[in-house]
Amino acid sequence: MKYGTLYPALLKLEQEGYISAAWGVSDNNRRAKFYALTRAGKKQLDKEARQWEKTTAAIARFFSPGEELQ
C-alpha cells in the first residue's frame, strides 16, 4: 500500500472518530504517529465484520448449488 493511500484513509478514520492518534517514539528512537481504535471504531468494526460475514456467506451459497438458502 502506498503512503498516498494509507495516510488519507487514516486521516478520514480519525476525523470520523473511529481511531485516535498520538505522537510518540518508535523502537528505533524516531518520532512516529501511533493509532488506536476508539470505542466508536470498535463498534463500527464489529458492524462491518458482521456485514462481511453475511456477504461472504451469500457468495458461498451462490457457488454451492444444492445447498438450501437460509
Side-chain polar contacts of residues 9-17 - donor-acceptor pairs under 3.5 angstrom, sequence neighbours left out - could you list them?
from : atom 1 : to  : atom 2 : distance (Å)
K12  : NZ     : E16 : OE2    : 2.6

Mind checking the [atom1]-[atom2] spacing from [X] to [Y]? Nearest 0.5 Å is all I need.
{"X": "R50", "Y": "T55", "atom1": "CZ", "atom2": "OG1", "answer": "12.5 Å"}
{"X": "Y18", "Y": "E48", "atom1": "OH", "atom2": "CD", "answer": "8.0 Å"}
{"X": "Q44", "Y": "I19", "atom1": "CD", "atom2": "CD1", "answer": "13.0 Å"}

Item to check | S64 side chain to R61 backbone, donor-acceptor under 3.5 Å | outcome: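 Checking the backbone N and O of R61 against the side chain of S64, no donor-acceptor pair under 3.5 Å is found.
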Checklist entry - What's the verdict on side chain to side chain contact (heavy atoms under 4.5 Å, CB included) for K42 and R39, showing C-alpha distance, side-chain angles and the deciding distance? => result CA-CA 5 Å; K42 290 176 185 176; R39 185 177 299 176; 5.8 Å; no
Checklist entry - Under 6.0 Å from the CG atom of D27, do we count more than 12 heavy atoms belonging to anything else shown? => result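 No, because the 6.0 Å sphere around CG of D27 holds 12 heavy atoms or fewer from other groups.
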Next on the checklist: Are there over 12 heavy-atom neighbours, none belonging to W23, within less than 6.0 Å of that residue's CH2?
Outcome noted: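 Enclosed.
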Checklist entry - Would Y35 end up clustered with L6 when hydrophobic side chains under 4.5 Å apart are linked, directly or stepwise? => result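 Shared cluster, yes.
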